[in-house]
2 protein chains.
Amino acid sequence: MTDYGAEVTTDLVSSSEPALEQTLTETCYRRLKQDIISGARPPGERMRIEKLKAIYGIGPTSLREALQRLSADGLVRAVERRGFQVAPLDAAEFLDLNTARIEIDLSALRLSIRAGDGGWEGGVVAAAYRLEKADGLVQSGAQESLDDWERLNKLFHRSLVACPSRWLLRMREMLGEQVERYRRASVYRERTERNLIEEHRQIAEAVLARDEERACRLLAEHYTRTADGLLTLLRSRA
Amino acid sequence: MTDYGAEVTTDLVSSSEPALEQTLTETCYRRLKQDIISGARPPGERMRIEKLKAIYGIGPTSLREALQRLSADGLVRAVERRGFQVAPLDAAEFLDLNTARIEIDLSALRLSIRAGDGGWEGGVVAAAYRLEKADGLVQSGAQESLDDWERLNKLFHRSLVACPSRWLLRMREMLGEQVERYRRASVYRERTERNLIEEHRQIAEAVLARDEERACRLLAEHYTRTADGLLTLLRSRA
DNA sequence: TGAATGATTTTTATCGATAGAACTAGAATG
DNA sequence: CATTCTAGTTCTATCGATAAAAATCATTCA
């Protein structure tokens with residue numbers, strides 16, 4: 001065991017809020033992540049440093065640092081001596097991903113139902129309401145409302161979990177981002193064939209009634225249905 | 001939505017195995033991780049680039065890349081314009097961490113019990129056997145056998161999960177590393193007061209009997225007991 | 001014609017250098 | 001004597017340059 005001599009600082013950052021990091025690395029990390037999840041950078045794309053340098057207008061160092069973080073997130077693959085690529089999409093992996101996602105989301109949901117307070121209930125009601133309204137807009141055909149719906153959908157699902165473990169939430173978020181990328185990669189064809197409004201309403205209902213069993217079953221079905229739709233699409237393309 | 005023009009490569013790395021990456025960044029990442037988990041780099045320590053450069057004998061670029069990855073792993077904290085520090089230990093966070101850990105481990109265990117085949121059963125039996133033997137050695141006082149025990153303990157717990165989701169396993173591993181760091185930070189005082197051999201034996205037994213309920217309960221208790229011990233220690237120090 | 005081989009180009013991984021931000025300690029002030 | 005200000009120092013974030021590895025392409029040989 002090597003010991004290099006300590007120099008411990010208990011608290012480097014006191015209590016200030018996030019304050020949107022100003023380092024280029026951080027900025028670049030966020031932009032890249034956004035572009036990967038949204039599909040602007042297509043799955044499998046080779047990410048040549050020179051090219052990215054021009055696009056994002058920064059030096060290679062910050063870029064590589066951002067890419068390393070993304071590769072820890074699983075959004076980018078680093079191949080030894082062959083640079084980086086956007087993580088490819090793959091049906092088998094999606095199945096795997098979705099299994100993990102459901103497990104973790106249900107865990108978080110269960111803990112929330114047990115621990116959630118009044119504020120949490122209010123949050124669920126509010127988020128459900130907002131999503132339902134956005135749902136109506138999308139139904140009526142406004143194309144650009146999709147991004148908005150996506151945001152509110154995420155918010156709704158986020159509102160369900162008042163889970164006390166930040167680590168669990170972090171895992172949940174990580175998987176959520178992965179799934180979102182798959183979801184976005186496929187057109188939302190399934191939308192028409194499903195009654196999402198009703199699905200969301202029932203979930204909210206069960207959650208508020210603190211019916212753990214039912215809430216978990218409904219949420220799992222909800223995710224599974226989305227996954228099935230995506231799988232069909234992914235496979236029909238391959 | 002920005003689209004920068006695609007250039008998709010389906011498969012950059014064919015099917016070769018990991019083959020221990022030869023980039024400095026990767027090497028450095030592993031060494032640092034090891035040192036952080038083992039406690040050689042104490043929690044809260046400021047990681048000055050200049051200093052680390054000398055210690056690990058590489059340039060600042062590779063170092064920073066490794067540190068960025070570690071910060072995505074949660075083992076290192078990056079503070080804007082103030083560099084990096086080893087993530088501090090904290091009783092509250094440990095509680096949080098442990099909650100997540102138990103949830104995910106139980107999920108993986110449940111899936112394994114349902115899906116595991118004969119090979120998996122054999123693996124459990126073998127790992128249990130080896131751990132039990134190592135346990136005996138530690139009891140008889142050999143100090144350097146602790147590292148060995150730690151390794152076999154990890155292997156035993158790893159053998160339990162033949163879970164089909166690699167993503168879930170990844171989350172499990174990530175949390176496992178975090179917990180290990182906490183565990184190592186405290187001396188193994190509790191060992192004497194517990195009958196770990198018996199705990200492990202019972203877990204293996206329940207798992208092999210495919211008794212989901214019982215296996216989960218035992219494993220949760222196992223982890224909770226470890227956690228309680230650590231918490232007592234952490235708090236008595238603060 | 002097709003495969004093998006070698007030369008050329010591209011790209012990655014890495015280093016050293018540097019501007020500017022943060023920390024420190026000592027001087028000046030109330 | 002405590003506090004604030006300030007000059008100097010340290011350290012981070014970032015860039016451009018470069019050696020070496022991989023990819024590409026042209027060319028030769030069977």
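None of the values given here were measured: they were computed from a predicted structure. Below, read A as the first sequence line, B as the second, and so on, with proteins coming before strands; counting in each chain starts at 1.
- Atom-to-atom, CG of L52(A) to P of dC15(D) comes out at 14 Å; the value is rounded to the nearest Å.
- Here the closest non-hydrogen pair linking A162(A) and G116(A) is CB-CA, 4.5 Å.
- With sequence neighbours excluded, the residues that form a side chain to side chain donor-acceptor pair (under 3.5 Å) with R151(A) are D148(A).
- R48(A) has its CZ atom 6 Å from the P atom of dT12(C), to the nearest Å.
- Between I104(B) and M171(A), the closest heavy-atom pair is CD1-CG, 3.9 Å.
- Atom NZ of K53(B) is separated from atom P of dG16(C) by 7 Å (rounded to the nearest Å).
- Between dT12(D) and T23(A), no contact under 4.0 Å exists linking OP1 or OP2 to a side-chain N or O.
- If you measure from atom OH of Y29(B) to atom C1' of dA13(C), you get 19 Å, rounded to the nearest angstrom.
- With rounding to the nearest 0.5 angstrom, the CD1 atom of I102(B) is 8.5 Å from the CG atom of D105(B).
- If you measure from atom CD of E80(B) to atom P of dA22(C), you get 8 Å, rounded to the nearest angstrom.
- Classification of R69(A) and E26(A) as a salt-bridged pair holds, one side-chain N sitting under 4.0 Å from a carboxylate O.
- Look at CZ on R81(A): it is 7 Å from C1' on dA20(D), rounded to the nearest Å.
- Protein atom CD1 of I49(B) is 12 Å distant from nucleotide atom C1' of dT14(D), rounded to whole Å.
- Listed candidates were dA13(C), dA23(D), dC11(D). Nearest to the side chain of R82(A) is dA23(D).
- For the segment residues 61-75 of chain B, the set of residues with a heavy atom within less than 4.0 Å of an atom of DNA chain C comprises T61(B), S62(B), in numerical order.
- Checking dC15(C), dA13(C), dA13(D) against every side-chain atom of I58(B), the shortest atom distance belongs to dC15(C).
- Between H157(A) and H200(A), the angle of the ring planes goes over 60°, which puts this pair in the perpendicular group of the 30/60° scheme.
- By the ring pair (Phe, Tyr, Trp, His ring centres under 6.0 Å) test, Y182(B) pairs with F94(B), sequence neighbours left out.
- Listed nucleotides: dA13(C), dC11(D), dG16(D). Nearest to the side chain of P60(A): dG16(D).
- One can place CD of E50(A) at 16 Å from C1' of dA23(D), the figure rounded to the nearest angstrom.
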